[in-house]
Each structure stands twice: as structure tokens, then as C-alpha cells.
Amino acid sequence: MSSPPLFESREAPKGAKLVHRAFAASVFAGLCCTWIYRASSAASGLGRWAWNGMFAAELVLGFHWICCQAVRWNLTRYSPLPHLLSQRHEEELPAVDVFVCTADPVIEPPTLVVNTVLSVMSYNYPTRKLAVYLSDDGCSELTFYALHQASQFAKHWIPFCKRHNIEPRSPDAYFDKPTARPSGQDYCLLELCFYVKKLYEEMKSRIETMAEKGSVPPETRSQHKGFLQWSHHNNVTKRNHQSIVEIVIDGREEDAVDEDGDRLPTLVYVAREKRPQFHHNFKAGAMNALIRASTEMSNGAVILNLDCDMFSNDPDAIRDALCFFLDEQSGHRIAFVQHPQQYFNVTKNDLYGNSPLQTDKVELAGMGGYGAALYIGTGCFHRREALCGNKYSSKVDGQGSMNWKSNDVNKTANELEEASKVLVSCSYEEGTQWGKEIGLVYGCPVEDVVTGMKIQCNGWKSIYYRPQKEAAFLGVAPNTLEISLIQHKRWAEGLFQIFLSSYCPLVYGHKRLPLGAQLGYCTYLLWAATAFPTLCYLVLAPLCLLQGIPLFPQVSSPWFIPFAYVYGARTIYSLVEGLMCGYTVKGWWNLQRVVLLRRSSSYVFSFVDTVAKQLGLSKASGFAVTAKVVTEDVRRRYEEEVMEFGSSSTTFIIVATVAMVNLFGLVGGIGKWWWVDGGMSLMGLQFGLCSVVVGLNLPVYVALFFRRDDGCLPVDVMFKAVGLASLAACLMAI
């Protein structure tokens with residue numbers, strides 16, 4: 001008799017599936033009608049070029065919409081059953097290695113990093129089977145100092161959390177909560193809470209003081225032998241230094257215990273070797289170095305990787321993930337379990353669309369329904385053998401594949417450190433399959449997505465798990481528009497590179513992935529490809545409105561119906577879906593605005609840069625780490641949901657120019673056509689389109705003309721935007 005499964009899977013109700021598929025079929029029919037109309041009708045003169053541009057835009061956007069439907073075709077949600085895991089596997093739980101990656105101690109402050117480290121050190125999991133690795137690609141002694149300080153504080157923090165079931169287990173997040181102070185008459189607990197908070201604030205103050213000084217003083221260096229790695233004769237710089245591997249806490253040692261006498265988890269600092277003559281492959285290279293170093297030390301069968309700004313919010317997250325890996329029926333096929341990227345500082349109406357609920361609750365769940373959940377680079381539990389390039393074999397059962405060879409316990413800490421230094425050296429990967437067939441794939445800014453797809457093409461399945469109770473991991477969302485757009489520019493560029501490479505899912509995934517999964521990948525890989533089609537709509541429609549060039553059928557024409565239906569039905573469906581996912585109406589509207597801004601700015605640069613690189617006209621750019629710290633004024637405006645501009649960047653000039661073109665088109669079009677008999681009927685859809693775009697850009701107009709704070713758009717941006725918009729209108733009139 002087979003054991004009951006360790007997790008449940010629930011598909012969308014059949015009725016909901018039928019409704020969605022009927023809706024999708026009707027919109028697709030409408031799209032086909034609009035394409036037929038474009039192909040069978042033609043304009044003359046200047047209108048012909050605008051007409052052809054709109055036709056090309058509608059073909060691209062139509063295909064992207066089809067890809068978006070693929071992820072909604074097979075919606076599946078999963079729920080672990082951890083109580084069954086404890087009953088069946090408590091004595092044979094696998095070892096787990098946690099990778100935390102940081103790259104810059106200024107942009108990613110050490111206090112932020114150690115909060116993430118402390119949150120994962122405090123898991124409700126046997127500490128002898130838990131090892132935490134910090135990859136410091138900045139090779140900063142300040143980060144090492146912070147980690148050493150955290151290792152001392154952990155002796156108090158871990159037992160405090162486990163004894164009193166503290167959540168969340170990031171000290172900053174916990175002590176910032178209004179409920180951090182215990183209620184009731186438990187004065188002992190209250191006194192203990194204040195004591196631990198005092199210890200934390202003292203540790204945080206020491207770290208921040210050291211960060212302000214910029215270096216660790218000689219008297220502090222004697223606290224740990226690891227500080228010798230930054231001695232003057234080593235001449236350590238961020239991009240030129242030796243391998244550094246330091247075991248800060250050796251969980252095997254008798255004295256590696258907390259204040260309750262319980263064993264502490266292993267804690268390791270790793271700064272892989274960097275030399276100017278070697279390409280270090282950014283985060284993918286750091287992850288691969290950690291895979292090799294951890295193989296030498298703890299060799300956990302499961303690997304959790306996290307960005308340094310994404311702390312663990314659920315102390316039982318490991319156990320939930322193991323329910324998928326250790327399931328006797330299908331666990332042996334699962335390569336990784338991906339959690340969504342969620343943030344603790346998202347505003348009520350999600351001003352910058354940082355946490356798109358429709359993506360988290362619908363699209364990514366739909367990809368999981370094909371067994372092809374996206375690997376998004378953080379908050380992901382991996383089966384080590386899958387991440388190391390092994391192909392799926394049906395001969396291995398779920399439990400057996402977790403019995404990964406443990407490390408050599410007879411080696412001393414110094415021996416393990418020296419052996420690991422060789423594994424993270426620059427020359428180790430030369431002549432090997434690392435970055436190709438083993439570990440994370442090199443050569444792409446979004447190495448996570450292409451690595452996940454490659455694993456799936458090796459025969460493995462992946463799970464997308466979004467907990468219903470609370471987020472398993474919480475990060476720091478961008479709290480300025482510029483940072484958000486820069487982040488999306490990097491993502492869209494890397495994703496489009498995948499589409500144009502040999503890893504294109506329609507080619508590489510052919511016969512390896514379900515067609516729905518291939519199209520689902522294209523939903524994200526084609527972000528950059530939607531840039532110019534969107535710009536066509538945003539620029540051509542208002543300019544042609546000014547010149548009296550109709551780009552859509554007039555209201556009285558039968559062809560008006562498919563255009564109106566496609567736009568109206570898609571908008572209403574998106575709104576209903578957003579509200580069902582938990583958005584407010586204003587939150588949904590904010591998301592529409594942000595998507596518009598991304599497509600008309602960030603994705604334009606992504607498209608141009610990617611095409612230029614493909615043609616050999618530019619070199620690959622470095623990995624841009626987005627800032628995690630802003631001023632108090634910026635934070636206040638963000639919390640008040642006031643959009644932050646504040647610079648004269650090219651991105652904002654484009655955003656402002658597009659907004660002004662549509663304002664000119666709407667105002668000029670009304671003045672020109674409102675009094676003409678049949679004018680509004682002839683230009684009805686163009687008026688509607690311009691009105692919506694102007695409505696979405698209201699914060700841009702306010703920032704251009706009315707705001708005077710530091711977050712407004714500078715005067716030079718206003719003059720440039722007005723000038724460029726006027727020039728475009730004049731050129732159309734010639």
C-alpha cells in the first residue's frame with residue numbers, strides 16, 4: 001500500500017477553465033478580425049507608414065497576448081503537508097545548505113546582509129544538518145566583520161527565536177513590528193525581549209560605525225584569524241584578490257553552541273578569487289563557486305539560494321520544501337521549488353508594481369502547472385544533483401536521491417578551508433563544463449531563468465509554491481521609479497538575450513518542454529520586444545489624431561466592433577483578475593501605468609542594447625546592483641505613494657516626451673475634431689486611446705508642472721519634453 005502524498009495539487013475548477021478558454025477564444029477571434037482589417041485596408045501617403053507600423057505592432061502584441069494566455073491555460077497550485085513529513089522522515093531529513101549572495105557593501109549594507117543570514121540560521125531544522133554560506137563578491141572586510149558579529153549575536157538570537165516561537169526571524173523585521181513587544185503579564189519574556197533587542201542594537205551600531213570608518217581597526221582584527229586575509233601584503237581589492245574561505249562557525253565543534261547549549265549551524269564566509277584577466281561571470285560565477293565549496297564542506301542534498309536583501313519570513317520553509325522533494329510518488333522528479341519574490345515594503349496600492357499579484361498568483365502558478373516553474377534567482381530550493389547538471393533518471397526514488405554523500409568529518413576546519421580555496425579559484429573552471437553543463441549557465445544577465453529551463457530540459461520538473469499563510473521570503477522592493485526601471489531594464493535585456501540565443505525555448509525546448517511552457521517562457525523573454533510596438537501606439541495614434549489621419553475604423557463601421565471588443569474585453573478581464581488576486585482598483589491602475597512606463601523606456605533600451613550586442617556593435621555590460629538604501633524624504637514620499645522622479649536621465653526625458661505627445665494629441669484633437677460633423681466618430685478609438693494614456697500619465701504631468709519637491713521632474717526635462725513633442729508634431733505636419 002503506497003503512502004499518502006506529502007503535498008497536494010489543485011487545478012483551477014473546470015468551470016473557471018471553460019470560462020477563461022471561451023473568453024480567450026473570443027478575444028483571439030477578435031484579434032484575427034483586426035489583423036484581417038489591417039491587411040485588407042490601406043492608407044495613402046504618410047498614413048500608410050503609420051498604418052503599417054500599427055499593423056506590425058498589433059501582430060507582435062497579439063502574439064505576446066497569446067503567450068500570456070498559455071500561462072493561464074493550466075493553472076495549478078500546490079500545498080505541502082509538513083505534518084506527514086515529520087511522521088515519516090523526521091529521523092532521516094537531508095542536509096540543507098543555504099547560499100546568501102552579496103556584491104557591494106555600500107549598495108547592500110552589511111546590516112542588511114546579516115539580517116538575512118540570521119533569519120536562515122534560525123530555521124526550525126536540525127542545526128547539525130544546516131549550513132549557511134555567505135558569498136561576498138565585494139570581498140569586503142566590513143562584510144566579514146558584520147558576519148563575525150552576527151555569529152556572536154546568533155548565540156542569543158537563535159535560542160530566543162526557537163524558545164518563544166519568534167516570527168519573523170530577521171531581527172530588524174521583528175523589532176520593527178508593532179507587536180514585537182510581548183503582551184500580557186509575562187514580565188520575564190518582556191525583559192528578555194528588551195535584553196535581546198539591546199544586544200542587537202549594540203551589534204548593529206558596531207557594524208554601522210565600522211562601515212562609516214571604512215575599515216576594521218587593528219585591535220578588532222585579533223578577534224578572528226580571517227581578518228588576516230585583508231592584511232596589507234595581500235593588497236585586497238574588490239576585483240583583484242585571492243580566494244578567501246573562512247569557517248566562522250564550525251557546527252562540528254563542541255564549543256559551537258548557543259547560550260542554551262544547543263549546537264549552532266555551520267557558518268562560512270566565501271569570497272572567490274578574482275583577477276583582472278579572468279571573467280568572473282557575476283552572480284552565476286559566485287553561485288557555482290558556492291556549489292563547489294559547499295560540496296567540500298557540508299554537501300547538503302538540498303540548496304536554498306537567497307539574495308542578501310531577502311530574509312526568511314517562515315521558520316518552517318525548509319520543511320515545506322522537503323515535502324515536495326521527499327514525496328514517494330513524484331518527489332524524485334522535482335529539481336527545484338521556487339517561491340515568489342515578495343516584499344515587506346510594498347505600499348498599499350503598490351505604487352511601482354513591484355509585487356504584481358497577477359504574475360505571482362496566476363502566471364507563475366500556470367507555469368508550475370506544466371512542471372516548468374521559472375527559476376527566478378532567489379527564494380529557491382534546489383536538488384543539488386539537478387543543479388550540478390545531472391539528468392533526471394527514473395531509476396532513483398524520491399528518498400534515495402536525497403541520500404547525498406556527506407562531507408569528510410575527519411578533516412579539520414583549516415583543511416576544509418584550504419581545499420575549498422582551490423575550488424573557488426579563478427583557474428579552477430578552465431577546461432571544465434562549469435557554466436555550460438554544470439551549475440548555473442554563464443553568458444546571460446539572467447542566468448537563473450536559463451538555468452531553470454536547462455534543468456527542465458534535462459527531464460526534471462519544478463514546482464512553484466506560493467504559501468497561503470504568509471510569504472516564506474520577503475525582500476526590499478525598489479522605492480523609486482528610477483531604480484525600478486533600471487531593474488526591469490536589466491531583466492528585460494537578459495531575458496531577450498535568451499530568446500535570441502540557442503536557448504530560445506521554442507528551439508531549445510522543442511520536444512523537451514510542453515508547448516504551453518515554451519510559450520509561457522516567451523511571455524517574459526519578449527518583454528523587450530513589446531517596447532517599439534507599444535511606442536507605435538503611444539506616438540503614432542496621437543500624432544495622427546492631430547493630422548486627421550484615422551488609424552482605426554470609425555464607430556459606425558462593423559470593423560469597429562472587433563477593435564472595441566479586444567481592447568474592452570482585455571481591460572475588463574485584467575481588472576477582474578487583478579481584483580480577484582487582491583489588488584485595489586487604484587493598485588491595478590498603478591500597475592497599468594508602470595507597465596506603460598517600462599515598455600516605453602526601460603524595454604526600449606533593453607531592446608536596442610540587446611540587438612546591438614547581437615550585431616557586435618557593443619560589448620556586454622556588467623551586472624548592475626540596485627541600491628537598497630534611500631533618504632528619509634524619498635522614503636516618506638514612497639510611503640505616501642507619490643512617484644519619485646528627481647533626475648534628468650534619458651529615461652525620464654522619454655517618459656515625459658511620450659506623455660506630452662499624448663497631451664498635445666488629445667487637446668489638439670479635441671480642438672480640431674470636436675466641432676467637425678462626424679469627426680468624433682471617425683477618430684473615436686484614437687480619442688479613447690489618447691485619453692487613457694493621458695490618464696495614466698497624470699503623475700508625470702504633476703511632476704513636470706506642479707511639484708516643487710526633490711522628487712519632481714527637473715525644468716530641463718520639461719523643456720526637452722515639450723520641445724521634442726512639438727518637433728514630432730511639426731514633422732508630422734510637413
Side-chain angles (χ1 to χ4, degrees), residues 64 67 71 99 101 103 135 137 279-288 305-310 335-336 338-341 354 356 359-360 363-364 367 372-380 382 387 435-436 439-457 462 464 475 478 483-509 513 517-531 598-599 602-614 618-626:
H64 188 259
C67 294
V71 297
F99 297 170
C101 296
S135 169
D137 253 15
H279 196 292
H280 57 81
N281 295 300
F282 309 110
K283 183 181 175 182
M287 282 286 293
N288 286 344
N305 85 276
L306 290 173
D307 289 341
C308 66
D309 63 337
M310 185 155 283
F336 61 87
Q338 177 66 63
H339 287 260
Q341 275 190 291
N354 290 316
T359 299
D360 286 354
E363 294 181 358
L364 295 178
M367 287 294 289
L374 269 70
Y375 169 37
I376 56 179
T378 184
C380 188
H382 296 270
L387 196 56
K436 301 173 184 176
L440 274 73
V441 176
Y442 293 157
C444 178
V446 284
E447 69 290 321
D448 38 25
V449 174
V450 70
T451 299
M453 183 171 62
K454 187 175 179 62
I455 289 172
Q456 291 154 5
C457 289
S462 56
Y464 173 75
I483 294 175
S484 178
L485 293 177
I486 289 172
Q487 189 179 68
H488 268 266
K489 188 264 182 186
R490 185 183 76 222
W491 289 345
E493 183 177 340
L495 291 167
F496 195 43
Q497 284 181 26
I498 297 174
F499 185 80
L500 297 179
S501 72
S502 59
Y503 288 108
C504 175
L506 300 177
V507 178
Y508 188 78
L513 295 175
Q518 296 175 40
L519 294 175
Y521 268 107
C522 291
T523 300
Y524 307 99
L525 270 54
L526 291 176
W527 275 353
T530 64
R598 290 170 185 165
R599 289 187 176 183
S602 298
Y603 296 174
V604 173
F605 293 118
S606 301
F607 184 88
V608 172
D609 288 352
T610 302
V611 171
K613 289 168 188 173
Q614 293 294 318
S618 70
K619 296 181 180 179
S621 57
F623 182 85
V625 180
T626 50

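Every value quoted in this text rests on a predicted model; they were computed, and no experiment measured them.
- Aromatic ring orientation, F496 versus F499: parallel (interplanar angle below 30°, classes split at 30° and 60°).
- With a 4.5 Å cut-off on side-chain heavy atoms, Y508 and V450 do not count as touching.
- A distance of 5.0 Å separates CG of L500 from CD of Q614, quoted to the nearest 0.5 Å.
- When side chains are defined from C-beta on, F605 does not count as touching E493, because their heavy atoms never get closer than 4.5 Å.
- Distance CD/E363 to OG1/T523: 6.5 Å, rounded to 0.5 Å.
- Here F336 and H339 keep their ring centres 6.0 angstrom or further from each other.
- There is a side-chain donor-acceptor pair under 3.5 Å between Q456 and S462.
- Considering only residues two or more places apart in sequence or on other chains, D307 meets the side-chain hydrogen bond (donor to acceptor under 3.5 Å, both in side chains) condition with K283.
- Between D609 and K489, some side-chain heavy-atom pair lies under the 4.5 Å cut-off.
- Separation of atoms CD (Q487) and CZ (R598) is listed at 8.5 Å; rounding is to 0.5 Å.
- Put simply, the side chain of Y603 does not reach to within 4.5 Å of the side chain of L526, judged on heavy atoms.
- Within the 4.5 Å cutoff, the side chain of N354 has heavy atoms near those of the P478 side chain.
- Inter-residue side-chain proximity for N305 and C101 is flagged as unmet; no heavy-atom pair is nearer than 4.5 Å.
- Rounded to the nearest 0.5 angstrom, H280 NE2 and D137 CG are separated by 7.0 Å.
- Among the candidates I376, L374, L364, T378, the single residue satisfying the side chain to side chain contact (heavy atoms under 4.5 Å, CB included) test with Q338 is I376.
- How far NZ of K454 is from NZ of K436: 11.0 Å, rounded to the nearest 0.5 Å.
- Annotation: the span from L525 atom CG to L495 atom CG amounts to 5.5 Å, rounded to 0.5 Å.
- The shortest distance between side-chain heavy atoms of Y524 and I498 does not fall below 4.5 Å.
- The shortest distance between side-chain heavy atoms of W527 and H64 falls below 4.5 Å.
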